[in-house]
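Reminder, nothing fancy here: chain letters follow the sequence lines and each chain counts from 1.
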There are 2 protein chains.
Amino acid sequence: MNLKELSKILGLSQTTVSRALNGYPEVKEATRKTVLAAAAAHNYSPNTRAKSLATGRSNAIGHVIPMANSHEMVNPIFGDFIAGAGEVYSRNNYEMVLSIVEDGREEDIYRALKTRGTVDGVILHGPKMNDARIALLHEIGLPFVVHGRASGIDMPYSWLDVNNRSAFRRATDFLMDLGHRRIALLNGLETMDFAHRRRRGYEDALGARGLSADPEIMRSEEMTETFGYSATCDMLALPCPPTAFLVSSIISALGVRRAIEDQGLRMGRDVSIVTHDDSLSYLTNGADVPIFTATRSSVRDAGRALSRMLIDQISDPALAPQHQLLEVELTVGRSTGPAPTTNPVAAQTA
Amino acid sequence: MNLKELSKILGLSQTTVSRALNGYPEVKEATRKTVLAAAAAHNYSPNTRAKSLATGRSNAIGHVIPMANSHEMVNPIFGDFIAGAGEVYSRNNYEMVLSIVEDGREEDIYRALKTRGTVDGVILHGPKMNDARIALLHEIGLPFVVHGRASGIDMPYSWLDVNNRSAFRRATDFLMDLGHRRIALLNGLETMDFAHRRRRGYEDALGARGLSADPEIMRSEEMTETFGYSATCDMLALPCPPTAFLVSSIISALGVRRAIEDQGLRMGRDVSIVTHDDSLSYLTNGADVPIFTATRSSVRDAGRALSRMLIDQISDPALAPQHQLLEVELTVGRSTGPAPTTNPVAAQTA
DNA sequence: CCACTTTTCCAAAGCGCTTTGGGTAACGCA
DNA sequence: TGCGTTACCCAAAGCGCTTTGGAAAAGTGG
């Protein structure tokens, strides 16, 4: 069933039927009713491609997911992010198109997305320091919003970000208030903007108390479970091991916990953990009592808010860039406790 | 830059340019070269929508992700699945379009996808027992393949599935060979086909040794970490607690492990775990030595194979339905050991 | 009742591509 | 030279929709 057929059935012109369906004021309310009823009865819905060809808008939004070709990883927060965004899209009749692409080949993808008219805008994921994609998108004139920010870029652009720096400063302060002085940082890859900001927050807090960061207990890698595990094993074997771990992802935090308990130590008593928690649906931080003391910020909410921001941007290109900085909640769980007076790791090995 | 402009520049007709670009034999090789060079120079790529309107094919594949509205969860295996599928799509010039949809509203989505011509085919995720979507897709004539199978459906359809039944039978046998007789099953939702098959495998193995399944140590829920944790806590508190756990997801297995160690017990000595492992990129089962003894099958490979299957189906609709049954690897990790002679849990509480 | 606005509808152009149905020039063969 | 092929290229129709520029019908005020 297409427009032509439908209008023939109704004895109206295509113009009128089209207008009736799209809510234009030029049709009598009675006619509109008839048209809508007929459309429903014949299960008509307009061909998206023809519609976009005619309007010049695709009603689709692109997500280009960078996949580190070396690691072949898809960020686990992605599922929850698109769940949030998907809600907004379906309510606004947008489609979501995904491209998984190896790091580096992204430029072609963005250009193709623009010239082929596949999407009306894109959401930029995983911004890096000095991310070149922002200038690129500006240049090719494809509307976009960024999930995160890119330090070093002074061009204006819309973004939504967690206040990573203050979050990690608070988390570090929290641990220091408990008496911890030797706090390890297990962070994401340093090329990632968020990791950079988190480290800054961590260093801010240490600096404010006259401490300085020790590279020996700082790591930057893909935030896998095994990274948490092996980094922790390594550090606990140091002559002067950390008494607390500040972790960038709950997934790695699970690895940290595993390492701690493998050593016969107890989390929250012998070694403390604070982690960032993106509220992943399958990895909620405990049911009633949180497992981990955590800085929490829902990535699903971020998906909702950011997609809305992009849709606004698309429907009004004159709109000034929007910014949204989310503060985290610091929830206290059972993974933190006062710093042990005698070093439990040292005591054990002794 | 569009076809018209490009052909004007070249001094050729649109027909010839189009044919040159699409590899038709009616153009001289020299002309083709010129055309291709000009296209590259002017950064031309054809408008997708116009092309699909003309050809009747969209070169896009839909993934409709069911989201249990009650749980609001997006299956974590999804990210890795689409990473695999995305590879194949980009190599074959397909786009991936995603719809996140609440359970139940799926019918409308599939119909819209068909009538609006958004996609050429879809991949069906998370098949349930007697899944109604299969009949629906047949009815509306949208090509599809299924990730998994649907018991109770006798219509022919293409699928790719893990041999869940034999996997869980083997896993159960493995535990029984170690002397375990009281083996808990932490499974996915029973409405899910895979969960049903896994239970069958588990029961097969028990039955073959004259044992019968005890509902008290069998659970079916969304495979979250907290599910693993709380189910394990409950079961370890039983008068006759299980000595081993068979788990459907590595995420829940992490919860099981947490519960075990919270009780002061040791995984692999006091309590054994075997889990299914989908080889999620951020949750690999240990670096060198596997954490868990596991039945492993890469969901990313599944994504690759299944998307290929669908593309074949689309390019040749006459093709008979394809089937692919993947056998799992049983990798032995450090989470299993001989059944303790005296019940450690009982001993501890005594 | 007439001129004039407003409402209601329509025919046709156009979005950017593919593809059908030729047309013309070059080529081969008698 | 003449005629049938082949190789190469083109004009125009059509995919299904929106939208422009009217036209006809229906109100409206004097």
Side-chain angles (χ1 to χ4, degrees), chain A residues 1-36 38-39 42-60 93 95 111-120 315, chain B residues 1-36 38-39 42-60 93 95 111-120 315:
Chain A
M1 174 63 52
N2 60 21
L3 228 210
K4 193 196 261 183
E5 291 167 33
L6 186 64
S7 52
K8 196 165 291 168
I9 289 175
L10 282 160
L12 292 170
S13 76
Q14 293 191 38
T15 312
T16 307
V17 176
S18 168
R19 284 184 167 152
L21 293 173
N22 292 311
Y24 282 77
E26 293 95 336
V27 292
K28 195 161 39 173
E29 209 42 53
T31 332
R32 189 191 308 282
K33 283 239 173 66
T34 323
V35 171
L36 286 173
H42 295 84
N43 212 325
Y44 168 80
S45 63
N47 183 300
T48 323
R49 298 164 319 202
K51 187 168 182 160
S52 354
L53 186 55
T55 57
R57 307 190 316 111
S58 63
N59 267 269
N93 292 313
E95 249 133 40
R111 286 195 188 279
L113 247 31
K114 169 70 178 183
T115 63
R116 315 179 76 147
T118 316
V119 300
D120 294 332
S315 52
Chain B
M1 175 61 54
N2 58 22
L3 228 210
K4 194 196 261 183
E5 291 167 31
L6 185 64
S7 50
K8 196 164 291 169
I9 291 175
L10 282 160
L12 291 170
S13 77
Q14 293 191 39
T15 313
T16 307
V17 177
S18 168
R19 283 183 168 152
L21 293 173
N22 293 310
Y24 282 78
E26 292 95 335
V27 292
K28 192 160 43 174
E29 210 42 53
T31 332
R32 191 192 308 282
K33 282 241 173 67
T34 324
V35 171
L36 286 173
H42 294 84
N43 211 326
Y44 168 80
S45 64
N47 183 299
T48 323
R49 297 164 319 200
K51 186 167 184 160
S52 350
L53 186 56
T55 56
R57 305 189 319 108
S58 62
N59 269 270
N93 292 313
E95 248 132 41
R111 285 194 189 280
L113 247 33
K114 170 67 179 185
T115 64
R116 314 178 75 147
T118 315
V119 299
D120 293 334
S315 52

> What are the bounds, 5' to 3', of the part of DNA chain D that sits under 4.0 Å from heavy atoms of chain A?
Replying inline: dG16(D) to dG21(D)

> Counting N and O atoms only, with roles assigned by atom type, does the side chain of Ser52(A) sit under 3.5 Å from a partner on the main chain of Thr48(A), one being a donor and the other an acceptor?
Replying inline: yes

> Would you call Lys8(B) and Glu5(B) a salt bridge, using N to O less than 4.0 angstrom?
Replying inline: no

> Can you tell me how far CD of Glu95(A) sits from CD of Glu95(B), rounded to the nearest 0.5 angstrom?
Replying inline: 11.0 Å

>> Categorize Thr31(B) for me: base, sugar-phosphate, or nothing, with a 4.0 angstrom heavy-atom threshold over every strand shown.
In response: sugar-phosphate

>> Determine whether a donor-acceptor pair (N or O, by modelled atom type, separation under 3.5 Å) exists between the side chain of Ser18(A) and the backbone of Gln14(A).
In response: no

>> Given 3.5 Å as the limit, does a donor-acceptor pair link the side chain of Ser58(B) with the main chain of Asp120(B), or not?
In response: yes

> Between atom CZ of Arg57(A) and atom NZ of Lys51(A), what is the distance when rounded to the nearest 0.5 Å?
Replying inline: 9.0 Å

> Roughly how far, to the nearest 0.5 Å, is CG of Asn2(A) from NE2 of His42(A)?
Replying inline: 12.0 Å

> For Gly117(A), does its backbone N or O pair with a side-chain atom of Arg49(B) as donor and acceptor, under 3.5 Å?
Replying inline: yes

>> By the 4.0 Å heavy-atom rule, please label Arg49(A) as base, sugar-phosphate, or nothing.
In response: nothing

> For Ala54(A) and Lys28(A), take the nucleotide of DNA chain C holding the closest heavy atom to each; which residue's nucleotide lies nearer the 5' end?
Replying inline: Lys28(A)

> Residues from residues 7-17 of chain A sitting under 4.0 Å of DNA chain D, heavy atoms only?
Replying inline: Gln14(A), Thr15(A)

> Considering heavy-atom distances to DNA chain C, does Pro25(A) or Asn22(B) have its closest nucleotide positioned more toward the 5' end?
Replying inline: Pro25(A)

>> Need one value for Thr55(B): base, sugar-phosphate or nothing, where a base atom within 4.0 Å counts as base even if backbone is also close, heavy atoms only.
In response: sugar-phosphate

